[in-house]
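Labels below follow one simple rule: chain letters A, B, ... track the order of the sequence lines, proteins then strands, and each chain is numbered from 1.
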2 protein chains.
Amino acid sequence: MYEKKIPLPLECGLMMTREILGGKWKPNLLLAISVGISRPSQLHREIPQSTKRVLNLQLKELEEFEMIEKKVYHQLPPKVEYRLTERGKSLMPLLQQMNEWGEKNRPFIKSIILKRTKALD
Amino acid sequence: MYEKKIPLPLECGLMMTREILGGKWKPNLLLAISVGISRPSQLHREIPQSTKRVLNLQLKELEEFEMIEKKVYHQLPPKVEYRLTERGKSLMPLLQQMNEWGEKNRPFIKSIILKRTKALD
DNA sequence: CATATAAGGGATAATATTATCCCCAGAAGA
DNA sequence: TCTTCTGGGGATAATATTATCCCTTATATG
């Protein structure tokens with residue numbers, strides 16, 4: 001996320017998508033924003049496993065890549081809203097498929113993860 | 001990839017998909033295997049930016065999650081072939097979408113990445 | 001004999017990514 | 001006054017992931 005010393009192949013579509021969706025919470029953020037959860041505090045409540053700090057970092061990157069837009073209302077208390085750009089919206093089918101595939105296969109994947117953690121004692 | 005100390009939300013479909021496709025070369029490996037590039041050496045030639053070592057690690061994980069199957073021919077020189085399982089095949093539409101979206105948006109994403117690296121001097 | 005190919009992996013370094021902690025501002029409500 | 005809510009981020013620790021290096025086995029080829 002910060003600087004990359006080992007340049008990644010810029011000629012590969014898969015890598016490009018990875019660059020956008022690779023962050024741990026980015027897919028969740030995009031999906032949440034797409035359904036109208038637009039303010040930072042709401043997003044954090046939606047994804048409480050994470051931290052404001054980290055969410056901010058990932059939001060900033062999504063903004064850098066113009067997947068989302070940020071509207072700042074200069075008020076007190078401050079108010080910020082994110083929304084998807086057209087480019088961001090074009091990711092929705094992909095994200096939905098990711099989510100669906102994951103849901104369908106969740107029991108199976110989960111069981112394997114649990115086996116692994118048990119194998120560690 | 002090795003051990004995870006911070007447990008990830010097992011109830012989220014997106015996270016499950018991430019667990020499978022999160023490795024740097026896993027999507028490429030799966031796509032390559034799907035088009036018949038089945039032997040480790042072939043795969044490495046297909047993805048020369050990586051290393052045998054790393055590819056092996058990622059292949060092993062894909063196997064653990066039963067996305068691919070490994071056939072070992074006990075010969076000399078050794079011969080190994082990977083192929084997709086049914087579960088692995090079910091990932092193909094997703095991978096193709098990832099690839100297509102990435103290809104479409106590659107020029108744009110690339111330009112932003114390049115701006116960032118230039119901004120570092 | 002030197003080199004290549006096949007597949008694999010231990011040990012360790014380098015990098016990248018996330019998490020944690022604690023701070024800031026200003027206003028409203030109990 | 002003490003707490004809560006808003007949004008934000010510096011500094012640093014902890015973890016996770018990839019990369020690098022080098023060695024093994026056995027056959028075939030120049």
Side-chain angles (χ1 to χ4, degrees), chain A residues 1-9 15 18-29 33 37-64 68-82 113 116-117 120, chain B residues 1-9 15 18-29 33 37-64 68-82 113 116-117 120:
Chain A
M1 299 290 161
Y2 304 139
E3 180 187 354
K4 284 183 183 157
K5 306 231 167 153
I6 298 171
L8 44 85
M15 283 295 167
R18 204 182 127 78
E19 180 70 17
I20 301 300
L21 297 180
K24 186 165 181 179
W25 307 104
K26 286 180 187 173
N28 303 271
L29 286 170
I33 293 172
I37 303 175
S38 55
R39 302 185 58 183
S41 52
Q42 296 177 320
L43 289 166
H44 185 213
R45 259 173 259 134
E46 188 71 13
I47 313 175
Q49 302 88 356
S50 179
T51 319
K52 279 190 311 168
R53 183 80 175 90
V54 174
L55 291 183
N56 279 340
L57 288 174
Q58 309 224 341
L59 285 166
K60 192 191 294 176
E61 292 197 345
L62 289 172
E63 202 193 345
E64 268 189 63
I68 59 179
E69 273 176 355
K70 183 178 186 174
K71 276 195 184 175
V72 180
Y73 297 80
H74 297 285
Q75 309 173 347
L76 278 173
K79 180 179 175 183
V80 167
E81 282 180 353
Y82 290 101
I113 294 177
R116 291 213 291 194
T117 58
L120 296 175
Chain B
M1 301 285 161
Y2 305 140
E3 180 187 353
K4 285 184 182 158
K5 306 229 166 153
I6 297 171
L8 44 84
M15 284 294 167
R18 203 182 129 81
E19 180 70 18
I20 302 301
L21 296 181
K24 184 165 181 178
W25 307 104
K26 286 179 186 172
N28 303 270
L29 285 170
I33 293 173
I37 303 176
S38 55
R39 302 185 58 183
S41 51
Q42 295 176 320
L43 289 166
H44 185 214
R45 260 173 258 133
E46 189 68 14
I47 313 176
Q49 301 89 355
S50 180
T51 320
K52 280 191 309 169
R53 184 80 176 88
V54 174
L55 291 183
N56 280 340
L57 288 174
Q58 308 224 340
L59 285 165
K60 194 192 291 175
E61 292 197 345
L62 288 172
E63 202 193 345
E64 266 189 63
I68 59 178
E69 274 176 355
K70 182 177 186 175
K71 276 194 185 176
V72 180
Y73 298 80
H74 297 285
Q75 309 174 348
L76 277 173
K79 180 179 175 183
V80 167
E81 282 180 354
Y82 290 100
I113 294 177
R116 293 213 290 194
T117 58
L120 295 175

request  = Name all residues meeting the side-chain hydrogen bond (donor to acceptor under 3.5 Å, both in side chains) criterion together with A:Ser50; count only those two or more places apart in sequence or in a different chain, and write none if there are none.
outcome  = A:Trp25

request  = Could you pull out all residues at least two apart from A:Glu64 that satisfy side-chain hydrogen bond (donor to acceptor under 3.5 Å, both in side chains)?
outcome  = B:Arg116

task = Report the C-alpha separation of A:Leu29 and A:Ile68 in whole Å, then their side-chain angles, then the decisive distance to 0.1 Å, and conclude whether the side chain to side chain contact (heavy atoms under 4.5 Å, CB included) test is met.
result = CA-CA 10 Å; A:Leu29 286 170; A:Ile68 59 179; over 6 Å; no

ask   = Quick one: what's the B/S/- string for nucleotides 2-9 of chain D, heavy-atom cutoff under 4.0 Å, read 5' to 3'?
value = ----BSBB

[X] [atom1] to [N] [atom2]: how many Å, rounded?
{"X": "B:Tyr73", "N": "C:dG8", "atom1": "OH", "atom2": "C1'", "result": "18 Å"}
{"X": "B:Leu57", "N": "C:dG9", "atom1": "CG", "atom2": "C1'", "result": "9 Å"}
{"X": "B:Leu59", "N": "C:dA7", "atom1": "CG", "atom2": "P", "result": "11 Å"}

key: Atom pair NE2 (B:His44) and CG (B:Leu59), whose distance is rounded to the nearest 0.5 Å   = 11.5 Å

key: Side-chain N,O (A:Lys24) to OP1/OP2 (D:dA16) below 4.0 Å   = no

Contact under 4.0 Å: A:Gln58 side-chain N or O vs C:dT18 OP1/OP2 = yes

message = If the condition is side chain to side chain contact (heavy atoms under 4.5 Å, CB included), which residues does A:Gln42 pass it with, not counting sequence neighbours?
response = A:Ile37, A:Ser38, A:Arg39, A:Arg45

task = Using a 4.5 Å cut-off on heavy atoms from C-beta on, say whether the side chain of A:Gln49 contacts that of B:Leu8.
result = no

ask   = Less than 4.5 Å apart, any side-chain heavy atom of B:Arg53 and any of B:Leu57?
value = yes

request  = For DNA chain C, produce a single dot-bracket line, 5' to 3'. Pairs: Watson-Crick or G-U wobble, both distances under 3.5 Å. Symbols: ( ) within strand, [ ] crossing, | other strand, . unpaired.
outcome  = |||||.||||||||||||||||||.|||||

Name each donor-acceptor pair under 3.5 Å that joins a side chain in residues 69-76 of chain B to protein atoms two or more places apart or in another chain, with its distance.
unit_1	atom_1	unit_2	atom_2	d
B:Glu69	OE1	B:Arg83	NE	3.1
B:Glu69	OE1	B:Arg83	NH2	3.1
B:Tyr73	OH	B:Glu81	OE1	3.2

